[in-house]
K.L.:
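I am attaching a structure below and will ask some questions about it afterwards.
Note that the coordinates shown come from a computational prediction; the quantities given were computed from them, not determined experimentally. One-based numbering along the sequence shown.
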Amino acid sequence: METMTAMAGLLSTTLAPVTEGPLVAYMWLLIVGFIIAFVLAFSVGANDVANSFGTAVGSGVVTLRQACILATVFETVGSVLLGAKVSETIRKGIIDVNMYNGSEYMLMAGSVSAMFGSAVWQLVASFLKLPISGTHCIVGATIGFSLVAKGQEGVKWYELLKIVLSWFVSPLLSGIMSALLFFIVRTFILRKADPVPNGLRALPVFYACTIGVNLFSIMFTGAPRPNY
């Protein structure tokens, strides 16, 4: 969701003076960009939602319909409250947007191309039942158009290195946390003679930890305050 927000934001920022000046001739790019942004959001929902709800639906905790409703609500809320930092990184942390001063139309066309390429590949991957990352797609697509437009100088390689490293660190940390949590649940709940009472006592703790992490994330790296 934040990938769509980032690229749409990039288009909007680039086209701020579109109603007057030479960029008025490229209004069609803005319109096409917003249409493709909705297609990109659809492709993200078709593939990335499985990351959030695949295990819950597979285990029978929620139905597919319930998962779609929950995803619609909470992924939208998450993108609004927590998507600003990631959107900012994708918007101008991967490529040097200052190199496009005077040739904003090229940045606009590149952003539309990146969204289109990312959307097409995610739809194809969903059709082929391949779980992929929308973030990987949009990062690669953004780098691709920047390399064509400005060459190697147009890419912030150090920032890209940090992003790529996070792709390797995230599965490792997730695996460690998952293994640790399952070990605790198995030791103190599942292996007891009557696991239900211990499970019910543990639920508020799990809920509190989850809510606490979300609240901390919102307050620490949430949506920026508007400038009036």
K.L.:
Is there a path of hydrophobic side-chain contacts, each under 4.5 Å between heavy atoms, that joins Phe74 and Val61?
P.N.:
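Shared cluster, yes.
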K.L.:
Roughly how far, to the nearest 0.5 Å, is CZ of Phe182 from CD1 of Ile189?
P.N.:
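It comes to 11.0 Å.
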K.L.:
Determine the minimum heavy-atom distance between Ser118 and Cys137, stating which atoms define it.
P.N.:
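Taking Ser118 first and Cys137 second, the nearest heavy atoms are OG-CB, 3.2 Å.
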K.L.:
Find out if a path of hydrophobic residues (ILVMFWY) with successive side-chain heavy-atom gaps under 4.5 Å connects Tyr105 to Leu107.
P.N.:
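Same cluster.
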K.L.:
Checking Trp121 side chain against Phe116 main chain: does a donor-acceptor pair fall under 3.5 Å?
P.N.:
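Checking the backbone N and O of Phe116 against the side chain of Trp121, no donor-acceptor pair under 3.5 Å is found.
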K.L.:
Less than 4.5 Å apart, side chain to side chain, heavy atoms only: is that true for Phe145 and Ile95?
P.N.:
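Side chain of Phe145 against side chain of Ile95, heavy atoms only: contact under 4.5 Å found.
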K.L.:
In terms of heavy-atom contacts, does CZ of Phe206 have more than 12 from other residues, nucleotides or ligands at under 6.0 Å?
P.N.:
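Yes, enclosed.
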K.L.:
Determine yes or no for a side-chain-to-main-chain donor-acceptor pair under 3.5 angstrom, with Asn47 supplying the side chain and Ile132 the backbone.
P.N.:
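Answer holds: yes.
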K.L.:
Lys150: which residues meet the side-chain contact (heavy atoms from CB on, under 4.5 Å) condition with it, sequence neighbours left out?
P.N.:
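Only Met99, Tyr100, Ser103, Met106 meet the side-chain contact (heavy atoms from CB on, under 4.5 Å) criterion with Lys150.
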K.L.:
Would you kindly confirm whether Ile69 and Val62 end up in one hydrophobic cluster when ILVMFWY residues are joined by side chain heavy atoms under 4.5 Å apart?
P.N.:
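In one cluster with Ile69: Val62, no.
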K.L.:
Is it true that a side-chain atom of Thr187 and a backbone atom of Phe183 form a donor plus acceptor pair closer than 3.5 Å?
P.N.:
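Such a contact is found between Thr187 side chain and Phe183 backbone.
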K.L.:
Out of curiosity, does Leu173 fall in the hydrophobic cluster containing Leu181 (side-chain heavy atoms, cut-off under 4.5 Å, transitive links)?
P.N.:
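No, Leu181 and Leu173 fall in different hydrophobic clusters.
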K.L.:
Any sub-3.5 Å donor-acceptor pair from Ser59's side-chain atoms to Ala56's backbone N or O?
P.N.:
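Yes.
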K.L.:
Is any side-chain heavy atom of Leu123 closer than 4.5 Å to one of Phe127?
P.N.:
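Answer no - side chains too far apart.
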K.L.:
With a 4.5 Å heavy-atom cut-off, do Val155 and Thr142 have their side chains touching?
P.N.:
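A side-chain contact under 4.5 Å is absent here.
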K.L.:
Following the transitive rule for hydrophobic clusters with a side-chain heavy-atom cut-off under 4.5 Å over Ile, Leu, Val, Met, Phe, Trp and Tyr, establish whether Met108 and Val148 coincide in one cluster.
P.N.:
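Unlinked, Met108 and Val148 end up in two clusters.
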K.L.:
Side chain of Ser43, backbone of Leu40: donor and acceptor closer than 3.5 Å?
P.N.:
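Such a contact is found between Ser43 side chain and Leu40 backbone.
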K.L.:
Between the side chain of Ser166 and the main-chain N/O of Ile163, is any donor-acceptor distance below 3.5 Å?
P.N.:
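Answer holds: yes.
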K.L.:
Got a sec, which hydrophobics cluster with Val205, joining ILVMFWY side chains under 4.5 Å apart, including via others?
P.N.:
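Via sub-4.5 Å side-chain contacts, Val205 links to none.
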K.L.:
Does the side chain of Gln152 come within less than 4.5 Å of Trp157's, by heavy atoms?
P.N.:
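Of all side-chain heavy-atom pairs linking Gln152 with Trp157, at least one is under 4.5 Å.
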K.L.:
Grab the two heavy atoms, one from Phe38 and one from Phe34, that are nearest each other, plus how far apart they are.
P.N.:
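That would be CD1-O, 3.0 Å.
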K.L.:
Taking atom CD1 of Ile35 and atom CE of Met115, what is their separation to the nearest 0.5 Å?
P.N.:
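With rounding to 0.5 Å, CD1 (Ile35) is 10.5 Å from CE (Met115).
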K.L.:
Answer whether the closest heavy-atom distance between the side chains of Asn101 and Asn98 falls below 4.5 Å.
P.N.:
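Result yes, sub-4.5 Å side-chain heavy-atom pair found.
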K.L.:
To the nearest 0.5 Å, tell me how far Glu159 CD sits from Ile94 CD1.
P.N.:
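Glu159 atom CD to Ile94 atom CD1 measures 9.0 Å (nearest 0.5 Å).
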K.L.:
Would you say that Val139 contacts Leu160 through its side chain, given a criterion of any heavy-atom pair below 4.5 Å between the two side chains?
P.N.:
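Val139 vs Leu160: side chains touch.
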K.L.:
Main chain of Ala119, side chain of Gln122: is a donor-acceptor contact present, judged purely on distance under 3.5 Å?
P.N.:
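Looks like no, no N/O pair under 3.5 Å.
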K.L.:
Do side-chain atoms of Asn198 reach the backbone of Phe188 as a donor and acceptor pair under 3.5 angstrom?
P.N.:
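Yes; at least one donor-acceptor contact below 3.5 Å.
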